[in-house]
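Worksheet: one structure, shown below.
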Amino acid sequence: MIKRLYFILFAFFWASCLFAQTPTVNSGWSMRYVKAHYLMAKGAETNVVDLDLEWPDEIDFQDVAPLRAYLAQTLFDVPAATFPAAYQAFMDRQGTEVTKNFDSIPDDSKFCYSTLKLTYLGGETNRYVSFRVSADVSPQPNSSQKSRQVETLITYDLLTQKVLTAKDLLRDGSAYGGQWNGDVYQIHLFTETDEFFMLLKECCLIPDGNLFAYIVDTENEGDLSMVGQILPHEFAKSYFSKEAKNLLKAKISGSSRLSAISPEVNALMGQYDLASDNAATTDSLTRVSRDIMKYIGSNFKLPQGDESLNGTMYVGFVLDSLGYVREPRILKSMGATLDRELVQTLLMMPRQNPITVDGQKKSVELRIPVRIKYQ
């Protein structure tokens, strides 16, 4: 059942929040959303790239540099400290984008298919955030690309700034029957009426101390398969390591607040002819912003949920010189589901009239506060 989410959009845009060259709203949160399909050519080779990424630049006023470095290496196979650097290095490796028909039929044996996915699974404020990380790079026999398959769940400890894997979260030799056997965690329990057996391959923490795990499907014949399953806290806590327990129980006294995220981390991926901050831009922006707010107000819908949810979120994006939304980011979150719905609404928005300054079409970076109120 779909229920309309009624909300109030702030009917003003702060001048200091509109443009890339001015300070941003420091909400302590910045999550990029990248969904794209590319056909690339590198000499006689053809590379097909699909990206579906929810990339953290800043979480709870923390720079999360170790997390970004881990994701850059795991997803892109690139040593980099920021998303723009990792993304550019990866795309350079794919060649140049194909924008017209091929002169001849490409050689199938020189294709490579790359699918990269990064999904934010939630977390607890100032404690941790968790992600699903997936990279499938499948080159054909005569491709020069390197084959790579990654499928993992991770938790980032915001207290110690460490990436935690399943082996960090689950203790070996648990009195409740949990034990590592190579890369698989075995749970073997006896109850009064039954015997319980489970194999965990990957896991991460999700809100309320629950555990999201990939369970090995022991009934599957042939290829190994994994099934995602949520293990409730009351069950999972019996197997938590000391590190995981400390993370869940630690007293939070507050977090150090960054004055601003660095320009390198915050950089845009594309090259845009951004409008300057002046009265002419403001006049054109008033017209465009009114149309954007009207569209969001008519199309932002969510499945029926917690009707007590109220608050303000921020979304940022580039409205390019053709009138299309580029590079959406959530700058203040109200939860992964709500964030994704707002981003998806923006990405589906029809082409708008671009900002016009002195007769020239320009790009502009917008940051919009959205007040959510269920009625």
Side-chain angles (χ1 to χ4, degrees), residues 20 31-55 57 68 71-119 132-151 264 267-274 316-329 340 343-355 360-365:
M31 187 82 75
R32 298 174 189 258
Y33 288 76
V34 180
K35 193 163 188 176
H37 173 82
Y38 296 106
L39 183 64
M40 313 289 288
K42 188 175 184 180
E45 298 184 18
T46 305
N47 298 310
V48 181
V49 179
D50 285 286
L51 304 176
D52 189 356
L53 310 175
E54 299 172 2
W55 180 279
D57 285 330
R68 292 198 307 270
L71 294 174
Q73 189 66 63
T74 306
L75 272 174
F76 294 112
D77 195 25
V78 169
T82 69
F83 181 80
Y87 170 84
Q88 190 60 55
F90 174 80
M91 294 305 293
D92 287 345
R93 205 159 61 210
Q94 310 307 310
T96 57
E97 187 173 5
V98 176
T99 57
K100 61 180 182 179
N101 293 333
F102 289 101
D103 294 332
S104 60
I105 299 176
D107 185 347
D108 289 348
S109 71
K110 295 183 179 181
F111 269 70
C112 180
Y113 301 90
S114 299
T115 302
L116 308 185
K117 294 183 179 181
L118 178 62
T119 306
R132 172 181 176 250
V133 188
S134 175
D136 182 1
V137 180
S138 300
Q140 298 304 299
N142 294 323
S143 170
S144 63
Q145 298 286 333
K146 182 174 66 176
S147 177
R148 190 161 53 91
Q149 278 74 41
V150 176
E151 182 65 43
E264 292 79 13
L268 296 172
M269 295 183 295
Q271 299 295 319
Y272 305 98
D273 183 15
L274 290 171
F317 58 93
V318 173
L319 186 71
D320 71 13
S321 58
L322 296 177
Y324 292 108
V325 169
R326 307 292 185 193
E327 304 197 27
R329 304 189 199 191
R340 291 184 189 115
V343 168
Q344 184 66 16
T345 300
L346 282 169
L347 290 176
M348 293 179 66
M349 184 170 65
R351 179 180 175 182
Q352 301 294 303
N353 291 321
I355 302 297
Q360 299 293 319
K361 295 179 180 179
K362 299 284 186 177
S363 301
V364 63
E365 188 179 4

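Starting from 1, each residue takes its place in the sequence as its number. No hydrogens, no waters, no symmetry mates; every other heavy atom, side chains included, goes into these values. All values derive from a computational prediction rather than experimental measurement.
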Any side-chain heavy atom of [X] sitting closer than 4.5 Å to one from [Y]?
X      : Y      : answer
Glu54  : Val343 : no
Met349 : Tyr324 : no
Leu347 : Pro328 : yes
Arg329 : Leu268 : yes
Val325 : Met348 : no
Pro84  : Arg32  : yes

Which pair of non-hydrogen atoms, one from [X] and one from [Y], has the smallest distance, and what is that distance?
X      : Y      : result
Tyr38  : Ala36  : CE1-CB, 3.6 Å
Met40  : Val98  : C-CG2, 3.9 Å
Lys362 : Pro354 : O-CB, 4.4 Å
Ala80  : Ala72  : O-CB, 3.6 Å
Pro350 : Gln352 : O-NE2, 3.0 Å
Val137 : Lys146 : CG1-O, 3.4 Å

If you measure from [atom1] on [X] to [atom2] on [Y], what distance do you get to the nearest 0.5 Å?
X      : Y      : atom1 : atom2 : result
Leu51  : Phe90  : CG    : CZ    : 6.5 Å
Tyr33  : Asp52  : OH    : CG    : 10.5 Å
Gln94  : Asn47  : CD    : CG    : 5.0 Å
Lys110 : Thr46  : NZ    : OG1   : 9.5 Å
Ile355 : Leu274 : CD1   : CG    : 11.0 Å
Asn353 : Lys361 : CG    : NZ    : 8.0 Å

Judged by atom type as modelled, is there a donor-acceptor pair below 3.5 Å linking the side chain of [X] to the main-chain atoms of [Y]?
X      : Y      : value
Ser147 : Pro139 : no
Glu327 : Gly270 : yes
Arg68  : Phe83  : no
Glu45  : Ser144 : yes
Lys42  : Arg93  : yes

Under 6.0 Å from the CD atom of Gln149, do we count more than 12 heavy atoms belonging to anything else shown?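 Yes, because the 6.0 Å sphere around CD of Gln149 holds more than 12 heavy atoms from other groups.
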
Angle class for the Phe76/Trp55 ring planes (parallel below 30°, perpendicular above 60°, tilted otherwise)?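 Correct class here is tilted.
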
Using the rule given for side-chain contact (heavy atoms from CB on, under 4.5 Å), can you reason through Asp273 versus Gln360, listing the C-alpha separation, both sets of side-chain angles and the distance that settles it, and then say yes or no? CA-CA 10 Å; Asp273 183 15; Gln360 299 293 319; over 6 Å; no

For residues Glu151 and Ser134, is any side-chain donor paired with an opposing acceptor at under 3.5 Å?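 A donor-acceptor contact under 3.5 Å links the two side chains.
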
From the options Leu116, Leu118, Leu53, select the one residue that forms a side-chain contact (heavy atoms from CB on, under 4.5 Å) with Val133.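 Going through the options one by one, the only one that passes is Leu118.
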
